[in-house]
Amino acid sequence: MAGHGVVALAVLAAYCLLLQLPAASRGQQLQVGFYNTSCPNAETLVRQAVTNAFANDSGIAAGLIRLHFHDCFVRGCDASVLLTSPNNTAERDAAPNNPSLRGFQVIDAAKAAVESACPRTVSCADIVAFAARDSVNLTGNVSYQVPSGRRDGNVSIDQDALNNLPQPTFTAAQLVASFANKSLTAEEMVILSGAHTVGRSFCTSFLARIWNNTTPIVDTGLSTAYATLLRALCPSNANSSTPTTTAIDPSTPATLDNNYYKLLPLNLGLFFSDNQLRAIATRIPSAASFAANETLWRQRFAAAMVKMGNIEVLTGSQGQVRLNCSVVNNGSSSGAGTAAYHYSGSTVSIDEIASS
Ligand code: HEM
Ligand SMILES: *[C@@H]1O[C@H](CO)[C@@H](O)[C@H](O)[C@H]1NC(C)=O
Ligand SMILES: *[C@@H]1O[C@H](CO)[C@@H](O)[C@H](O)[C@H]1NC(C)=O
Ligand SMILES: *[C@@H]1O[C@H](CO)[C@@H](O)[C@H](O)[C@H]1NC(C)=O
Ligand SMILES: *[C@@H]1O[C@H](CO)[C@@H](O)[C@H](O)[C@H]1NC(C)=O
Ligand SMILES: *[C@@H]1O[C@H](CO)[C@@H](O)[C@H](O)[C@H]1NC(C)=O
Ligand SMILES: *[C@@H]1O[C@H](CO)[C@@H](O)[C@H](O)[C@H]1NC(C)=O
Ligand SMILES: *[C@@H]1O[C@H](CO)[C@@H](O)[C@H](O)[C@H]1NC(C)=O
Ligand SMILES: *[C@@H]1O[C@H](CO)[C@@H](O)[C@H](O)[C@H]1NC(C)=O
Ligand SMILES: *[C@@H]1O[C@H](CO)[C@@H](O)[C@H](O)[C@H]1NC(C)=O
Ligand SMILES: *[C@@H]1O[C@H](CO)[C@@H](O)[C@H](O)[C@H]1NC(C)=O
Ligand SMILES: *[C@@H]1O[C@H](CO)[C@@H](O)[C@H](O)[C@H]1NC(C)=O
Ligand SMILES: *[C@@H]1O[C@H](CO)[C@@H](O)[C@H](O)[C@H]1NC(C)=O
């Protein structure tokens, strides 16, 4: 019986190590190099996955930058955006994310690589943050360090995405309020909007600027020539199933430069919300400064990305380190009861791992 007790203790100890549950670890700060000892290659492996995907499709970088933004604004940077739901009611199914959000497979590939190097250690939320940084570096030659140690959430609800993500129809006041709700300033809203210097958009995000039902219109702040071009691309009956996309920054769509800010005064901002930055220009004149000084914007953008990456993060023993980024581990992270999870298509119990 004593032997059994020792085994049980050993299993318990291994179990606590596995789940990384130091008692006093709640509410920690994120740290650069969080995985220095637990998974020294984590950031390199993520970088490799992003580089591979980028070599196949350079547009994926824009997708990964937006993925981090859409993760952070909804329930914090907790990888809730990656969760799937059997009845299609997760964040990723909501209109702002479906069909436009992309990069999920890159995160899955990165996760597979880090799981194989260091099982049950690196959170999906951190992988998303690293992948966004790598995408920024690949498209913009901007390098910044990502504080890490985020834990993954286990709740993902489509309505939360609708409630928390700014819409392309938002006014300046609504945009400022949306970012303020995430502890980001109006200027940081202007800085982060510069991400629209890369990537693409489906028709539905700007259709109301060029069509009033079936009548051609030209929204305030949109060039007539650009509107004509967009109308040729997007018929008035385009909807979320229309596969057509167009570059948000048509001159340098794959480069994270300051061109976004140069396009705005030329009436070439694609979304109503982009053009709204001009409406607050007297109060927040940063857009003009960024148009004039690319180095300035790059520095401010890197800092704002780090700040965005801190929104409502779970740390320490909060949440969990998801094993498969698209599904919650089976059982709570507190380890109470019989915990088991799905990985590589099979359910494995924690007891089996602890004793193997
Ligand atoms: C200020 C409020 C914002 C609004 C209203 C907004 C809206 C949008 C919309 C409507 C799209 C196109 C979606 C579609 O395909 O239909 C888009 C794309 C994109 N957004 Fe934003 N966005 C905002 C802020 C941001 C921020 C803060 C970032 C990142 C830091 C970001 C990064 C991107 C990127 C990279 C794309 C292109 C995605 C791709 O090519 O896959 N956006 N945004
Ligand atoms: C990880 O290592 C880097 C480089 O030596 C250092 O800057 C960072 O502070 C370290 N982080 C932790 C949490 O140990
Ligand atoms: C390469 O990119 C295309 C989209 O451009 C995508 O459909 C395909 O799955 C990607 N292939 C790999 C191996 O990532
Ligand atoms: C969808 O499934 C979730 C559980 O996964 C449940 O909480 C929710 O009520 C379901 N929603 C609908 C609309 O059926
Ligand atoms: C990237 O940035 C570094 C330092 O900021 C600079 O020395 C280098 O020339 C840049 N490379 C490119 C390709 O722009
Ligand atoms: C960022 O990109 C430049 C080249 O464009 C490279 O020299 C640098 O090492 C990259 N930085 C990081 C952190 O990946
Ligand atoms: C503000 O953020 C909270 C969560 O932090 C969210 O519940 C709420 O819906 C958000 N409101 C708006 C208007 O974005
Ligand atoms: C759209 O057209 C209707 C009349 O058909 C008009 O009342 C409305 O103001 C127009 N809306 C816009 C945004 O132009
Ligand atoms: C989108 O438009 C097409 C063609 O007009 C139509 O067949 C389809 O049902 C529409 N889809 C949605 C989701 O509205
Ligand atoms: C551009 O911004 C950088 C970074 O803040 C600054 O060092 C530089 O002096 C600025 N250049 C000009 C021409 O103002
Ligand atoms: C979700 O996470 C919370 C907090 O970590 C935990 O209490 C709860 O049991 C988890 N639920 C599931 C289904 O894993
Ligand atoms: C999750 O774990 C519970 C308790 O061990 C088990 O009854 C259930 O079948 C598991 N669910 C899945 C999807 O593996
Ligand atoms: C992760 O979960 C999804 C959804 O259940 C499944 O399709 C996928 O195969 C799983 N991935 C791995 C690596 O097990």
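Side-chain atoms are counted along with the backbone in the values below, which use heavy atoms only and exclude waters and symmetry mates. Order of listing sets the numbers, starting from 1, for every ligand and every atom in it.
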Numbered atoms and elements of ligand 3 in range of Asn56, under 4.0 angstrom, heavy atoms: 1 (C), 2 (O), 3 (C), 8 (C), 10 (C), 11 (N), 12 (C), 14 (O)
Atoms of ligand 3, numbered as shown, that sit under 4.0 Å from any heavy atom of Asp57: 2 (O), 4 (C), 5 (O)
Heavy-atom pair with the smallest gap, counting every atom of Phe272 and Arg209: N-CD, 3.4 Å
contact_flag Phe179 ligand 1 heavy-atom lt 4.0 Å: yes
What protein heavy atom sits nearest [atom], and how far off is it?
atom: atom 29 (C) of ligand 1; value: Ala195 CB, 3.5 Å
atom: atom 12 (C) of ligand 8; value: Asn212 ND2, 3.2 Å
atom: atom 27 (C) of ligand 1; value: Leu192 CB, 3.5 Å
atom: atom 36 (C) of ligand 1; value: Arg66 CD, 3.6 Å
atom: atom 41 (O) of ligand 1; value: Arg102 NE, 2.8 Å
atom: atom 35 (C) of ligand 1; value: Ala62 O, 3.2 Å

Ignoring hydrogens and angles, state whether a donor on the side chain of [X] or [Y] is under 3.5 Å from an acceptor on the partner side chain.
X: Thr197; Y: Asn259; value: no
X: Asn163; Y: Gln159; value: yes
X: Asn137; Y: Ser143; value: no

Path from [X] to [Y] over hydrophobic side-chain contacts below 4.5 Å:
X: Leu162; Y: Leu83; answer: no
X: Phe130; Y: Ile60; answer: yes
X: Ile65; Y: Leu270; answer: no
X: Met189; Y: Leu296; answer: yes

Gln145 CD: over 12 foreign heavy atoms closer than 6.0 Å: no
Asn213 atom CG: more than 12 heavy-atom contacts under 6.0 Å: no
If you count the atoms of ligand 1 from 1 in the order shown, which ones are under 4.0 Å from a heavy atom of [X]?
X: Gln167; value: 5 (C)
X: Ser201; value: 12 (C), 14 (C), 15 (O), 16 (O)
X: Ser193; value: 1 (C)
X: Leu175; value: 1 (C), 2 (C)
X: Pro166; value: 2 (C), 3 (C), 5 (C)

Can you confirm whether something in the protein, heavy atoms only, sits under 4.0 Å from [atom]?
atom: atom 5 (O) of ligand 8; answer: no
atom: atom 2 (O) of ligand 3; answer: yes
atom: atom 14 (O) of ligand 3; answer: yes

Ligand 1 versus [X], non-hydrogen atoms closer than 4.0 Å: side chain, backbone, both, neither?
X: Ser273; answer: side chain
X: Phe271; answer: side chain
X: His68; answer: neither
X: Thr204; answer: neither
X: Phe69; answer: side chain
X: Ile248; answer: side chain

Rounded distance [0.5 Å steps], OG in Ser193 versus CZ in Phe301: 9.5 Å
Spacing of CG belonging to Leu101 relative to CD belonging to Glu91, to within rounding of 0.5 Å: 10.0 Å
Thr171 backbone acceptor or donor facing Gln174 side chain under 3.5 Å: yes
Check: Ser205 N/O within less than 3.5 Å of ligand 1 N/O: yes
N or O pair under 3.5 Å between Phe202 and ligand 1: yes
Proximal candidate to atom 37 (C) of ligand 1 [heavy atom criterion; set Ser178, Gly194, Gly199, Ala247]: Gly199
Pair [X] + [Y]: basic N to acidic O under 4.0 Å:
X: Glu187; Y: Arg300; result: yes
X: Glu43; Y: Arg47; result: no
X: Arg75; Y: Glu312; result: no

Name of the His196 atom (N/O/S only) found closest to atom 21 (Fe) of ligand 1: NE2
